[in-house]
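Okay, structure first, notes after.
Because the structure is a prediction, the values reported are computed rather than measured. For ligands, and for the atoms within them, numbers begin at 1 and follow the listed sequence. Worth knowing before you read on, the calculation uses all heavy atoms, side chains too, and leaves out hydrogens, waters and symmetry mates. For reference, positions follow the sequence shown, starting with 1.
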Amino acid sequence: MNNDKNYSLSTLCVQAGWTPTKGQPRVLPIIQSTTFKYDTSEQMARLFDLEDSGYFYSRLQNPTVDAVAAKIAALEGGVAAMLTSSGQAANFYAVFNICEAGDHIVSSSNIYGGTYNLFGVTLKKLGIECTFIDPNSSEEEINAAFRPNTKVLFGETISNPGGEVLDIEKFARVAHANGVPLIVDNTFPTPINCRPFEWGADIVTHSTTKYMDGHAVSIGGAIVDSGNFDWDAHADKFPGLTTPDESYHGLTYTKSFGKGAYITKAVAQLMRDLGSMMSPQNAFLLNLGLETLHLRVPRHCDNAMTVARWLEANPKVKWVNYCSLPSNKYHHLAEKYLPKGSCGVIAFGIEGTREDAIRFMDRLKFIAIVTHVADARTCVLHPASHTHRQLSDKQLMEAGVAPDLIRLSVGIEDVADIIADIEQALS
Ligand SMILES: *Cc1c(COP(=O)(O)O)cnc(C)c1O
């Protein structure tokens with residue numbers, strides 16, 4: 001039932017990906033095997049040449065992992081998906097699959113710190129340059145960042161930790177006018193609250209570590225392809241997809257795999273050469289999380305809205321940034337792209353010094369200081385002294401992170417208890 005458009009997201013969360021036949025386990029089994037048996041040498045050879053599909057080595061593909069990838073593809077409304085060992089690996093592969101040394105990408109500057117570093121520092125070492133743009137710029141201004149060798153436009157649906165909402169349609173228009181795909185990191189809203197393909201995004205990535213897993217038990221990532229970008233129409237820009245791959249006996253991905261070209265290439269080349277596969281155990285845990293995603297995400301959003309309103313009304317709180325609040329700068333975009341709710345992550349600053357912010361966090365009781373967001377347990381983090389500490393003050397501001405920003409990830413506990421804990425720490 002993977003791509004059955006007749007099923008709602010709730011049903012897909014529970015059922016998609018694994019459809020057992022007679023006598024098979026009802027629950028997705030963990031296929032821990034690294035290897036798979038064939039009867040003849042010829043059968044195996046055809047797999048290596050990508051002439052047949054089938055499993056042969058779990059670094060490339062594994063049945064447990066594939067079932068969970070298929071569920072995520074169904075949830076996003078994509079044609080194909082792959083899982084990676086982390087969200088970082090997902091964003092790296094999503095870009096590197098269509099870029100090489102000498103190429104250029106354009107990215108929103110309001111993105112996760114790890115991705116900012118990946119694009120600004122590590123890709124540069126591989127010969128790929130990134131121009132960061134303010135996502136609130138006009139189409140003309142974003143357009144001006146493009147070069148003849150630009151291959152990707154990138155943004156986050158809701159930025160981590162700044163909480164800015166991406167104008168996906170605007171970004172899609174600019175990307176397509178320049179003949180490149182729009183890649184959107186949809187980690188925070190999850191497909192329950194936003195499906196970027198419906199607004200023109202071509203490829204979606206996830207850190208499944210966050211709400212999708214939802215219990216903080218497995219690091220993981222996903223790349224989903226909408227199948228909508230016409231690589232052949234821009235063949236000169238994407239020779240890796242549209243001309244023969246000598247490492248697979250001259251096979252051309254778009255010719256042999258059609259709408260599956262992008263994901264097939266990423267598996268066949270990048271997983272083969274760079275690894276970063278999700279383990280079957282982690283895929284199993286991720287699947288358990290996905291089975292309740294449609295229940296947990298609305299609860300995170302309801303709790304976060306109640307906490308955001310309470311913070312906004314509190315005189316000890318200097319500012320609150322939560323895109324679903326009517327007072328928020330991004331509220332009009334949230335209403336358009338996130339009508340059901342945004343996410344459970346709130347950013348705010350309290351009156352006083354940076355030390356007061358740290359003292360407030362240290363006084364919290366069950367709300368823990370952890371380097372994580374978006375799981376069942378409410379937690380806090382001070383990005384300027386934790387996740388983003390490698391960035392200068394200027395880079396912090398460019399990444400949408402005020403030095404006094406406290407990131408509160410609201411969990412699914414009773415919201416009255418969450419507010420009581422914040423209240424006692426503020427007093
Ligand atoms: C956490 C996160 C990542 C990185 O994912 P990991 O699973 O930690 O590697 C990428 N993008 C966003 C928006 C994130 O929140």
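Partners of Lys340 according to the side chain to side chain contact (heavy atoms under 4.5 Å, CB included) rule, which considers only residues two or more places apart in sequence or in another chain, are Leu9, Asn193. By the side chain to side chain contact (heavy atoms under 4.5 Å, CB included) test, Val121 is found to be paired with Asn117, Lys125, residues two or more places apart in sequence or in another chain being considered. Under the side chain to side chain contact (heavy atoms under 4.5 Å, CB included) criterion, Leu274 pairs with Phe92, Tyr93, Phe96, Leu270, sequence neighbours left out.
Salt bridge annotation for Glu100-Lys151: absent, with no cationic side-chain nitrogen under 4.0 angstrom from a carboxylate oxygen.
In this structure a side-chain-to-backbone donor-acceptor pair under 3.5 Å is present from Asp356 to Thr353.
In this structure, Tyr262 and Trp231 have parallel ring planes: the angle between them is below the 30° cut-off, well short of the 60° mark.
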Tabulating one pair per line, provide the atom names and distances (0.1 Å) for every N/O atom of ligand 1 that is less than 3.5 Å from a protein N/O atom.
residue: ligand 1; atom: 5 (O); partner: Ser207; partner atom: OG; Å: 3.0
residue: ligand 1; atom: 7 (O); partner: Gly87; partner atom: N; Å: 2.9
residue: ligand 1; atom: 7 (O); partner: Ser207; partner atom: OG; Å: 2.8
residue: ligand 1; atom: 7 (O); partner: Thr209; partner atom: OG1; Å: 2.6
residue: ligand 1; atom: 9 (O); partner: Gly87; partner atom: N; Å: 3.1
residue: ligand 1; atom: 9 (O); partner: Gln88; partner atom: N; Å: 2.9
residue: ligand 1; atom: 11 (N); partner: Asp185; partner atom: OD2; Å: 2.7
residue: ligand 1; atom: 15 (O); partner: Asn160; partner atom: ND2; Å: 2.8
residue: ligand 1; atom: 15 (O); partner: Lys210; partner atom: NZ; Å: 2.6

